[in-house]
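Accompanying notes for the structure given below.
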Amino acid sequence: MTIEEQLRNSVLEAINELYNAHLDEKIIQVQLTRKDQKGDYTVVVFPLLKVSKKKPEETGEDLGRYLKEKLAFIESYEVIKGFLNLSLSHSFWLERLNGIIADENYGFEVAGADSPLMMIEYSSPNTNKPLHLGHIRNNLLGYSLSRIASVTGNKVVKTNIVNDRGIHICKSMLAWQKWGQGVTPASSGEKGDHLVGRFYVMFDKHYKAELAALEGKGLSKEEAEKQSLLMAEAREMLLKWEAGDKDVVDLWRTMNQWVYDGFDITYKNLGIDFDKIYYESETYSVGRDKVLEGLEKGIFYKKADGSVWADLTDNGLDEKLLLRGDGTSVYMTQDIGTAKLRFDNYNIEKMVYVVGNEQDYHFKVLSILLDKLGFEWGKDLVHFSYGMVELPEGKMKSREGTVVDADDLMEEMIDTAREMSKELGKLEGYSDEDAEEVFRMVALGALKYFMLKVDPKKNMTFNPKESIDFNGNTGPFIQYTHARIKSIFRKASDKGIAWSGSAPLSVSLNTKENNLVRSVSNFPNVVQEAGAAFSPALIANYVYELAKEYNQFYHDSPILFEEDEQVRNMRMTLCYAVSETIKKGMWLLGADVPERM
RNA sequence: GGUCCCGUAGUUCAAUGGAUAGAAUACUGGAUUCCGGUUCCAGCGAUAUGGGUUCGACUCCCGUCGGGAUCACCA
């Protein structure tokens, strides 16, 4: 039972005994006491006034007296306005501290055999262009969420749907055929996804030129689009692909493989992975079958040109295209098939889609369509909708070439980390490989922390320079704090200063020490909240706060220089607990912490 | 135009309906015999706007203004 739960139960008891009343547990508010007040936990008295029928101060006083008497760990209390602030005894906190460091999984609720299964989809790239900054936020959110879910009592399957077919893929294939002159990643040394992306852009350029030429002849934009030969060729290619035309399929396989090889490198560098990958090319036909089935059952309808639609006007939405006039599938079609396959493959309790908020409408529709098709889980899908990433210079626009490539960004961040670390010169004795590993940790830690500290729902501005600053609310600042603690322990063994491995219960704590123990002790609550709210940002903000608190403690408390052995052991225990908590918190963000940096 | 999301210090971000709206950065001033000064302390400075609900509103409701997304035989 957590401290809050104990307090909440005791408050309920108190209300029962003092006022002969019963209240719903939910309205009892127990929270950590604000830093500027004396105390550890605060009970908000206002909601109790209706049963106490007394003034807030008197009610708080009643409650404080009762709790202090009943709970041995309450040392003192103070009532300020409508708030009852409880101070817990130092020996209680110290005992707790020892319990925390003895438990490797403190704060983590590991899944058992009966735990619910959560499937989390993220990344979901198209195989026509390389990953960019927006994908990075997606991947980091998905990966962090999966870690958080895995330590809040869920079995987790990380999944990815690769959008490897469709008209957009045909565009890059066509461009390569026409203008590629047989170039390959091997022949050019270009990373596969970048090479294919280049041809996608090339198609677009030629297509635009063709449209301009047609419009120059007096055609309207719509007419020009209809008459475009390039687009006609792309559409024809898609038809051939769906018909299984050997040449087209061979080319598709070859070019997709180039892209996969490229993606693998990017994922590896980003430090993320998947348990199960679905390919749209393998799921779209399942979706098409379901759509045709729905058509037979009269759930959907066909227009004169043969296209299949869902009428969602009863749901307050529009009509939605499910199959084109020529019978080929669209995005929605495959998502129906993918969902069906997943629920066939796994005993999914909760399906989470990490997809940007520009697709809010799409998922609303998907959910309704699945429901209409008779899947009882359709309406329970969770669209984890996150905001766009912008740069200090403004929005990324592919047309204007201001898209930040994921590989380039990571490389630049690593370069910066390398320069900064070399200036510090704390890596003497490290091999080049080990040092490079540290540069990577710092660069990626900076990127991940910066992206994840922001509420996922909101749009954000990513500032690469600011993110890797070793000062401020950044990943490197947190990593630095961890490295410094590790340095203390190295120094201790150099100097032959032993650590007893736990804190003596008899020492007293100063305010900063007390706050630190309380913060470390609160870690499990933060993890649970982050799991419930699907919010890595809560973890990030917590870890930062902890690091900052630690630095305040560190600044004015001698640790190894402390002469009182008992106090020294307590402080070293505290240091250890903080370093472990920072490490775990950063792990939940998918970030590593170095021993030195 | 319909629907949805968002407006908090100069800037980037916080705040389960709870106390005097917190940080970071920038700027100004200060600390330090030291275990990693990439530290610590102080100052400066904000809830777009008008109503409503509440003991209590950045938070919930309605209006106005501003920004974004979406409403594709793109994904």
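In what follows, chains are A, B, ... by sequence order, proteins preceding strands, each numbered from 1.
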Query raised in the report: Between A:Trp252 and A:Tyr279, is the ring centre distance below 6.0 Å?
Result: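 Ring centroids of A:Trp252 and A:Tyr279 are no less than 6.0 Å from each other.
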
Please pick, from [options], the nucleotide with the shortest atom-to-atom distance to any side-chain atom of [X].
| X | options | value |
| --- | --- | --- |
| A:Lys491 | B:rG36, B:rC74, B:rA19 | B:rG36 |
| A:Pro47 | B:rU39, B:rC35, B:rG18 | B:rG18 |
| A:His555 | B:rG36, B:rA23, B:rU39 | B:rU39 |
| A:Glu358 | B:rA69, B:rA75, B:rA19 | B:rA69 |
| A:Asp360 | B:rC71, B:rG36, B:rC4 | B:rC4 |

Any-strand Watson-Crick or G-U partner of [N], both distances under 3.5 Å:
| N | answer |
| --- | --- |
| B:rC4 | B:rG68 |
| B:rU25 | B:rG10 |
| B:rG50 | B:rC62 |
| B:rG17 | none |
| B:rA31 | B:rU39 |

Query - Qualifying residues under side chain to side chain donor-acceptor pair (under 3.5 Å), relative to A:Thr59, sequence neighbours excluded - result: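 A:Ser52.
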
Query - Partners passing side chain to side chain donor-acceptor pair (under 3.5 Å) against A:Asp469 (at least two apart in sequence or in another chain) - result: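 Here no residue qualifies.
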
Report task. For the pair A:Asp326 and A:Arg324, find out whether any cationic side-chain nitrogen is under 4.0 Å from an anionic carboxylate oxygen. Result ->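 No, this pair does not count.
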
Report task. Taking only Lys NZ, Arg NE, NH1 and NH2, and the carboxylate oxygens of Asp or Glu, determine whether A:Lys512 and A:Glu549 approach each other closer than 4.0 Å. Result ->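 No salt bridge links A:Lys512 with A:Glu549.
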
Query - Non-neighbouring partners of A:Ala591 that pass side chain to side chain contact (heavy atoms under 4.5 Å, CB included), sequence neighbours left out - result: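 Partners of A:Ala591 under the side chain to side chain contact (heavy atoms under 4.5 Å, CB included) test: A:Lys448, A:Met586.
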
Query raised in the report: Who passes side chain to side chain contact (heavy atoms under 4.5 Å, CB included) against A:His362, sequence neighbours left out?
Result: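 Once residues adjacent in sequence are excluded, the partners of A:His362 under the side chain to side chain contact (heavy atoms under 4.5 Å, CB included) criterion are A:Tyr331, A:Met332, A:Asp335, A:Gln359.
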
Tell me what [X] touches on the nucleic acid: a base, only sugar-phosphate, or nothing, going by heavy atoms under 4.0 Å.
| X | value |
| --- | --- |
| A:Ile559 | base |
| A:Pro56 | nothing |
| A:Lys548 | sugar-phosphate |
| A:Asn551 | sugar-phosphate |

Query raised in the report: Heavy atom of residues 225-241 of chain A under 4.0 Å from RNA chain B: which residues?
Result: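 Contacts with RNA chain B under 4.0 Å: none.
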
Requested in this report: For RNA chain B, determine which residues of residues 523-531 of chain A have any heavy atom closer than 4.0 angstrom to one of its atoms, and list them numerically.
Outcome: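 Of all residues in residues 523-531 of chain A, none places a heavy atom under 4.0 Å from RNA chain B.
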
Query - 5' precedence on RNA chain B between A:Phe46 and A:His168 (nearest-nucleotide basis) - result: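 Result: A:Phe46.
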
Applying ring pair (Phe, Tyr, Trp, His ring centres under 6.0 Å), can you list everything that pairs with [X], at least two apart in sequence or on another chain?
| X | value |
| --- | --- |
| A:Tyr278 | none |
| A:Tyr77 | none |
| A:Tyr386 | none |

**Report entry** Letter per nucleotide, 5' to 3', of nucleotides 10-16 of chain B [B base touched, S only sugar-phosphate touched, - untouched; heavy atoms, 4.0 Å]
**Finding:** --SSS-B

Query raised in the report: Is a donor-acceptor pair below 3.5 Å formed from side chain A:Asn85 to base B:rA19, judging by atom type as modelled?
Result: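 Counting by modelled atom types and ignoring angles, a donor-acceptor contact under 3.5 Å is found here.
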
Report task. Confirm from the modelled atom types if A:Thr42 and B:rA19 form a donor-acceptor pair under 3.5 Å, side chain to base only. Result ->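 Indeed there is one.
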
**Report entry** Sequence neighbours excluded - ring-ring contact (aromatic ring centres under 6.0 Å, His included) pairs with any residue from residues 453-482 of chain A
**Finding:**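 For residues 453-482 of chain A: A:Phe450-A:Phe462, A:Phe477-A:Tyr544.
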
Report task. List in chain and number order the residues that pass salt bridge (Lys or Arg N to Asp or Glu O under 4.0 Å) with A:Glu466, two or more places apart in sequence or in another chain; answer none if no residue qualifies. Result ->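 Salt bridge (Lys or Arg N to Asp or Glu O under 4.0 Å) check on A:Glu466 returns nothing, list empty.
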
Query raised in the report: If we take the C1' atom in both B:rU49 and B:rC65, what is their distance in whole Å?
Result: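 Here B:rU49 and B:rC65 have their C1' atoms 7 Å from each other.
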
